[in-house]
Amino acid sequence: MDQLEMCRVAAVVAAAGCGARMGPGGRKQFRLLAGRPLVDLSLEALSGHPEVDGLVLVLPADDPDAWRSPDGPGRFGGKPLSVVSGGDSRQASVLCGLEAAAAWSPELVLVHDGVRPLVSPALVRRVIEGAREWGAVSPVLEVHETVKAVDDQGRIFRTLDRRPLRLVQTPEGFSFPMILDAARQARAAGFEADDTATLARLAGREVRVVEGERDNIKITGPADLAAARRLLAGARGGAEALRVGTGYDAHRLVPGLPLMLGGVAVPHSHGLEGHSDADVLLHALADALLGAAALCDLGRHFPERDQRLAGISSLDLLGRTVKIVREAGWEPVNADTVVVAQQPRLAPYVDRMRETVAGVLGLDVGAVSVKATSTEGMGFEGRGEGMSATAAVLVRRNGEGQP
């Protein structure tokens, strides 16, 4: 790590989690928002503040190559960036980041979630000013809704007084020597905390609060990612333009091949034949997405003559298609699909298909429909020669690309 002549403020971005609640499609900190990984946007938001002098990015220890440094030294304002591996908990990962930042001897440090990409310069400024004045500060939101305590049987047993309650966000700001020492003491004592401010309190420091922001959302599940896209589109003046796309695909059934539908392995004596795994549902859906964005069809982007795609998972193809569509300026809103097949019975697998598709599209499962029907013996589907699928999708402009 380069030694800075003077580091007033360092920022530690914690991005070492697994993000299990996001569902299929990879770790959430590397999911795309407006065509960019969430963690990149979080880094840029912090590096863009004039008082932040250096950045430490904490990545998963079991997957150190999951993130690649963006091309060009100016991506993060030309400010030094140190990339380190995290630990087996958020607290352990934050300590790894603090230890790395110690080489700069900063006065203050900001600790930020890598999946809060919409933090504003005004909030960063408030946290820095608060940390400079008080030594430990957290941005918070008032709780507007009624809060109930619920037991493990789903029964309400108490109404809580919401007046003293607050929702805590990041970045949190601290005097650097104090929080580094507190984190080291917590590690030695085997103490685990949900947030870094708790460590400051454990060390006997008073933690003050500053006003947070409703738009500074934490991306935890697909619905949060969809909300962030809407917020970003609005901030960039994106039009609320909507488009509809439709797709169709059909493949021949042959004995002995695995049958993949909606990204789910379905037990059957026959499977679909194709250059990829021939998942007709996902192919129809990918075509619908491309059609809605006026980006030609699946074959244009992923030609069968490309031997690198031989046997590729259609979930991978769908994920690549979603990326293409988003980079062109469009965001999935909902999807409706129909699989036409005489056999096997698909009803037991429909919910898993919906969950799998929703994860790749970055949608709540309630925005994805998967239906199955037969032709009562008519046509190639009815004779068991093959299967077909149709799909319809709605997309919304996301503020990227061209109108």
Side-chain angles (χ1 to χ4, degrees), residues 13-15 17-46 112-124 139-147 166-171 195 211-244 289 292-293 318-319 322-323 325-336 354-369 393-401:
V13 176
C18 62
R21 283 175 288 181
M22 182 61 80
R27 298 179 190 266
K28 65 182 178 182
Q29 58 268 47
F30 308 124
R31 301 290 181 95
L32 300 183
L33 175 60
R36 305 281 305 288
L38 293 174
V39 69
D40 281 30
L41 295 176
S42 298
L43 287 165
E44 287 185 10
L46 294 173
H112 188 53
D113 296 323
V115 289
R116 288 188 188 268
L118 303 184
V119 58
S120 75
L123 178 54
V124 175
V140 301
L141 297 173
E142 292 185 356
V143 179
H144 292 161
E145 293 82 6
T146 299
V147 181
R166 296 293 184 270
L167 304 176
V168 178
Q169 301 182 319
T170 67
D195 66 343
E211 183 181 358
E213 294 176 340
R214 294 286 169 185
D215 289 356
N216 182 29
I217 62 176
K218 183 178 182 181
I219 309 301
T220 301
D224 302 316
L225 190 56
R229 287 171 182 140
R230 290 193 295 270
L231 288 168
L232 189 59
R236 295 183 177 185
E240 282 295 314
L242 299 174
R243 288 186 182 179
V244 174
L289 285 165
L318 180 61
V322 171
K323 180 179 179 181
V325 170
R326 285 178 179 150
E327 288 177 347
W330 299 96
E331 207 61 53
V333 176
N334 78 301
D336 182 24
R354 293 176 63 209
E355 292 171 0
T356 301
V357 170
V360 179
L361 297 185
L363 297 175
D364 185 83
V365 70
V368 175
S369 170
V393 299
L394 180 68
V395 298
R396 177 196 293 114
R397 186 173 295 285
N398 67 11
E400 289 292 289

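Just so you know, these numbers use all the heavy atoms, side chains as well, and skip hydrogens, waters and symmetry mates.
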Do D195 and V168 have side chains that approach each other closer than 4.5 Å (heavy atoms only, starting at C-beta)? yes
Is a side-chain N or O of D224 found less than 3.5 angstrom from the main chain of G221, in a donor-acceptor match? yes
Who are the salt bridge (Lys or Arg N to Asp or Glu O under 4.0 Å) partners of E213, not counting sequence neighbours? R126
side-chain contact (heavy atoms from CB on, under 4.5 Å), that's the test. Do L46 and V124 meet it? Break it down for me. CA-CA 7 Å; L46 294 173; V124 175; 3.9 Å; yes
Do the side chain of D364 and the main chain of G366 share a donor and acceptor less than 3.5 angstrom apart? yes
Close side-chain approach of P117 to L33, heavy-atom, < 4.5 Å: yes
What is the minimum heavy-atom distance between P332 and R326, and which atoms define it? CD-NE, 4.1 Å
S42 side chain reached by Q29 side chain, heavy atoms, under 4.5 Å: no
Donor-acceptor check, side chain of R166 to backbone of L141, threshold 3.5 angstrom: yes or no? no
Just by distance, do the side chain of S369 and the backbone of D336 share a donor-acceptor pair under 3.5 Å? no
CG (L41) and CG (L32) are apart, to the nearest 0.5 Å, by 9.0 Å
Side-chain (R31) to main-chain (L225) donor-acceptor, under 3.5 angstrom: no
Could you grab the distance from atom CG of L38 to atom NZ of K218, nearest 0.5 Å is fine? 12.5 Å
Heavy-atom side-chain proximity of V393 to N334 below 4.5 angstrom: no
Do L289 and L318 have side chains that get closer than 4.5 Å, going by heavy atoms? yes
Step-by-step side-chain contact (heavy atoms from CB on, under 4.5 Å) determination, V395 to V333: CA-CA 5 Å; V395 298; V333 176; 5.5 Å; no
Measuring from atom CZ of R354 to atom OG1 of T356, what distance do you get when rounded to the nearest 0.5 angstrom? 11.5 Å
Compare all side-chain heavy atoms of S120 with those of D215 and state whether any distance is below 4.5 angstrom. no
Report the C-alpha separation of I219 and R116 in whole Å, then their side-chain angles, then the decisive distance to 0.1 Å, and conclude whether the side-chain contact (heavy atoms from CB on, under 4.5 Å) test is met. CA-CA 6 Å; I219 309 301; R116 288 188 188 268; over 6 Å; no
G212 to P139 - nearest heavy-atom pair and separation: CA-CB, 4.0 Å
For T170, is there any backbone N or O sitting under 3.5 Å from a side-chain donor or acceptor partner on N216? yes
V39 side chain near F30 side chain, heavy-atom distance below 4.5 Å: yes
So, R396 side chain and E331 main chain: donor-acceptor pair closer than 3.5 Å or not? no
Pairwise distance CG(D113) to CD1(I217) - rounded to 0.5 angstrom: 12.5 Å
Would you say the side chain of L242 lies within less than 4.5 Å of the side chain of L394, judging by non-hydrogen atoms? yes
Keeping the roles fixed (side chain from Q169, backbone from V140), state whether a donor-acceptor pair exists under 3.5 Å. no
